[in-house]
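In what follows, a single structure is set out as structure tokens and then discussed.
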Amino acid sequence: MSTSLHYCLELAVQNQARKIHMRSSQIQHICGLSSFYCELITSHPRYQPSGERGNPPLPWPLVRTGFQDPVLSNRVQYVLKHDRGGMMIRVRFAPSPTGYLHVGGARTALFNWLFARHNHGTFILRIEDTDKERSTDESIEEILESMRWLGLDWDEYYRQTDRTDAHLLAAQDLMDRGLVYESDGAWWFRVPTEGNTIVHDDLLGDVTFPNDLLKDFVIRRSDGSFIYHFVVVVDDADMEVTHVIRGDDHLNNTPKHVLLFEALGRTVPRFVHLPMILGSDRTRLSKRHGDTATLEYRDRGFLPEAMVNFLARLGWSHGDAEVFDRASLVELFSIDEVNKSGAIFEDTKLMWLNQQHMKLADLDRLLGLVRPMVLELNRVTAQMWDAVDPGHLRTGAHLFRDRCKTLRDLASAMELLFPVPLIPEDEFRVNATQAPLMMSVANALALTKPFTPEDIEQDVRAALEANQATLKDVALVSRLAVTGRKAGPGLFESFACVGRELVVERLRDAAQSVLE
RNA sequence: GUCCCCAUCAUCUAGCGGCCUAGGAUACCGGGUUUUCAUCCCGGCGGCAGGGGUUCAAAUCCCCUUGGGGACGCCA
């Protein structure tokens, strides 16, 4: 297998990063290389147990030396030829700005980004805006915003329309060399009528396309503008893209691209065609499936790291692990662990992941994200928010986040910490025996000091005992009166977090309505 | 229609010939913990699309069938 050496070296480097030193016999076992080359790898200074993270990725120069050796097997030669030893990895994400960035596109962007970051390579963002009819600046902004939200930072940025000169030059070159002809005003690329074009795909393996099935195709319209297939190749070549990672809806276009790379005399990049993300009806994701815009998920209260985690797990996996932060994703990501079959986008697991990441998140950051959402509910004002002790807010966020799937849930839960009328989730009535009990509890709490869960519990129980009552008699109504909810964090913790003033007031109000 | 890709629980997946009576996660259903809810813990439900080979041995390799997806533009 051509990927064996590749796999072996990647594994070796991963293990090196984890400070696990693979012995040459293990490497030999994995990739079947002769012990001579395995020794060569392991004796290289870069491949040492003491190696730090962030070292240049592979001991390629050494392996290249072995290329001279006639005993090296064909498959190793193949790998060496295509991996272009030591070359900096460059990948690109190339969306067309004809609408929002949907989650499928976001996943493609993420895989490119992870691949680049994992390999200390370069991540290029290239806007394919050659379709003047459908491209809009708003779309570009939305795409950039989506990527910023997900934290997919790019190292280089291009707009395809800025590269017309380069396209012209390349096209003219093909024309001059007779590889392109003009007909009806358009420029056609001549496809060989015989032979096969093979696409070397790092995920799918080699895919063969008979050339006679490919027809000559237009690279330049009669109005002088260029066709996607042409510009994508010229751009990838000029930008020295080493790996084209994209959706497998492009697989059938790839032989055209390979032919163009060859015609232009440029190096053909490696390809990785990712399986598509499907909607619940198993068809390719589209607007019709609703909620496919990446930013929708931000607005619905998902954490970007949860989204990234979820998207990464759609097609990629690492053993049984489920929850990944950004850093471990970068560290662990590998094309070898990408799945070949398409995945359905279903957000139940995203909900759970979001909850996991909310539990992991810094409380102050959480509050910063939740604040605008609370204000959006139009009951709590910015002044009210700022007037509440940050410690209370933190406690609230801490108490409620275990019970929330999204930041929206958290926002609505946190409303009860503010002096606004509660909207009880269930109608409740305080009865004649409960009212005086609640009043005495309220009176006791008015004097509780400090207002901590422990002291609150003590005083509440004492007040109830004095009236020959138990907590059970008033727990539910009190909870409803103070929090508006039937369920929630521990009663005393809830009280402490709501604060003395509001608790006493809400208890008295509830009791009062009956006593009158 | 032609070409291409894919195929393990409802969903995301592990599995690269023996460790598989197929493992994990979500969802769902029980139980425990909790004054409640959630978290957490324990348990349950549930799958190798079908048929042929190859092999001592197949979820795993090969072929066929079926199913799903995608591509067949002077769109990207």
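Predicted model, so just to flag it, every value in this text is computed and none were measured. All chains are named by letter (A, B, ...) in the order of the sequence lines, taking the proteins before the strands, and each is independently numbered beginning at 1.
- Two rings, from A:Trp316 and A:Phe324, have their centers less than 6.0 Å apart.
- Taking atom CD of A:Glu182 as the reference point, atom P of B:C74 lies 15 Å away to the nearest angstrom.
- When the C1' atom of B:C74 is taken as reference, atom CD1 of A:Ile227 falls 5 Å away, rounded to whole Å.
- A:Phe400 comes within contact range of no nucleotide atom at all, as no heavy-atom separation falls under 4.0 Å.
- Among the atoms of the strands shown, base atoms are found under 4.0 Å from some heavy atom of A:His229.
- Between A:Tyr158 and A:Phe93, the distance from one ring center to the other does not fall under 6.0 angstrom.
- B:U26 sits 13 Å from B:G46 when the C1' atoms are compared, rounded to a whole Å.
- Distance NZ (A:Lys472) to P (B:U36): 10 Å, rounded to an integer number of Å.
- A:Asp212 and A:Thr193 form no side-chain donor-acceptor contact under 3.5 Å, judged by distance and modelled atom types alone.
- When both pairing distances are held under 3.5 Å, B:C3 makes a Watson-Crick or G-U pair with B:G70.
- Within the 4.0 angstrom heavy-atom criterion, base atoms lie near A:Leu491.
- Across all strands shown, B:C45 forms no Watson-Crick or G-U wobble pair with both key distances under 3.5 Å.
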Output, in order, the C-alpha distance, side-chain angles, deciding distance and verdict of side-chain contact (heavy atoms from CB on, under 4.5 Å) for A:Leu416 and A:Phe400.
-> CA-CA 11 Å; A:Leu416 61 93; A:Phe400 292 127; 4.2 Å; yes

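- Here A:Arg479 lies in heavy-atom contact (under 4.0 Å) with a base.
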Summary of protein contacts for nucleotides 28-33 of chain B, nucleotide by nucleotide, where a base hit scores B, a sugar-phosphate-only hit scores S (4.0 Å, heavy atoms) = ------

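- Atom P of nucleotide B:G73 and atom CZ of A:Phe230 are separated by 20 Å, given to the nearest angstrom.
- When the C1' atom is compared between B:C61 and B:G69, the two are found 25 Å apart, to the nearest whole Å.
- The aromatic rings of A:His167 and A:Phe226 sit perpendicular, their planes meeting at an angle over 60°, well past the 30° parallel limit.
- As rounded to whole Å, 12 Å separates atom P of B:U13 from atom CZ of A:Phe324.
- At the phosphate of B:G68, neither OP1 nor OP2 sits under 4.0 Å from any side-chain N or O atom of A:Arg284.
- To the nearest whole angstrom, the two P atoms, one in B:C63 and one in B:G24, are 33 Å apart.
- At least one side-chain nitrogen or oxygen of A:Arg221 sits closer than 4.0 Å to the OP1 or OP2 atom of B:A76.
- A:His357 and A:Glu305 form no side-chain donor-acceptor contact under 3.5 Å, judged by distance and modelled atom types alone.
- With P as the reference atom, B:C4 and B:U65 are 13 Å apart, rounded to whole Å.
- Counting to the nearest Å, the P atom of B:C16 and the CG atom of A:Asp336 are 14 Å from each other.
- Of the P atoms belonging to B:G44 and B:A7, the separation is 30 Å, rounded to the nearest Å.
- Across all strands shown, B:C40 forms a Watson-Crick or G-U wobble pair with B:G32, both key distances being under 3.5 Å.
- Comparing B:G30 with B:G52, their P atoms are spaced 42 Å from each other, to the whole Å.
- Here, B:U8 and B:A49 have their C1' atoms 10 Å apart, quoted to the whole Å.
- In this pair, A:Phe302 and A:Tyr297 present their aromatic rings tilted. The plane angle is within the 30 to 60° band.
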Scoring nucleotides 6-12 of chain B by protein non-hydrogen atoms under 4.0 Å (B base, S sugar-phosphate only, - none) yields SS---SB

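- Here A:Lys215 lies out of heavy-atom contact (under 4.0 Å) with every strand.
- Counted by atom type alone, A:His289 and A:Asp281 present one or more donor-acceptor pairs between their side chains at under 3.5 Å.
- Residues A:His243 and A:Phe271 keep their aromatic ring centres 6.0 Å or farther apart.
- Under the Watson-Crick or G-U wobble criterion, with both distances below 3.5 Å, B:A25 is paired with B:U11.
- Between A:His250 and A:Tyr228, the distance separating the two ring centers is shorter than 6.0 angstrom.
- A side-chain donor from one of A:Gln160 and A:Asp235 sits under 3.5 Å from a side-chain acceptor of the other.
- One finds a side-chain N or O of A:Lys359 lying less than 4.0 angstrom from the OP1 or OP2 phosphate oxygen of B:C40.
- Mapping A:Trp352 and A:Asp402 onto RNA chain B via the closest heavy atom, the residue that lands nearer the 5' end is A:Trp352.
- Within 6.0 Å of the CG atom in A:Asp184, the count of heavy atoms belonging to other residues, nucleotides or ligands does not exceed 12.
- In this structure, CG of A:Leu437 is placed 16 Å from C1' of B:U35, rounded to the nearest angstrom.
- Look at the P atom in both B:C16 and B:A59: the space between them is 13 Å, to the nearest Å.
- If you check distances only, the side chain of A:Asp248 never reaches the base of B:G70 with a donor-acceptor pair under 3.5 Å.
- Listed nucleotides: B:A76, B:C74, B:C40. Nearest to the side chain of A:Ser96: B:A76.
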Determine, step by step, whether A:Val232 and A:Glu128 satisfy the side-chain contact (heavy atoms from CB on, under 4.5 Å) criterion, reporting the C-alpha distance in whole Å, the side-chain angles of both residues, the deciding distance to 0.1 Å, and the verdict.
-> CA-CA 8 Å; A:Val232 77; A:Glu128 312 243 304; 4.2 Å; yes

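- When heavy atoms are screened at a 4.0 angstrom cut-off, A:Arg134 is found touching base atoms of the nucleic acid.
- A:Pro489 comes within contact range of at least one nucleobase, with a heavy-atom separation under 4.0 Å.
- RNA chain B is contacted by both A:Leu278 and A:Gly488; A:Gly488 maps to the nucleotide lying nearer its 5′ end (nearest heavy atom per residue).
- Note on A:Thr283: only backbone sugar-phosphate atoms sit closer than 4.0 angstrom, heavy atoms only; bases stay farther off.
- Residue contacts for A:Ser225: at a heavy-atom cut-off of 4.0 Å it reaches no nucleic acid atom on any strand shown.
- Remark: A:Ser317 is in phosphate contact with B:A14, judged by side-chain N or O atoms under 4.0 Å from OP1 or OP2.
- Straight-line distance from the CG atom of A:Asp409 to the C1' atom of B:A38: 12 Å, rounded to whole Å.
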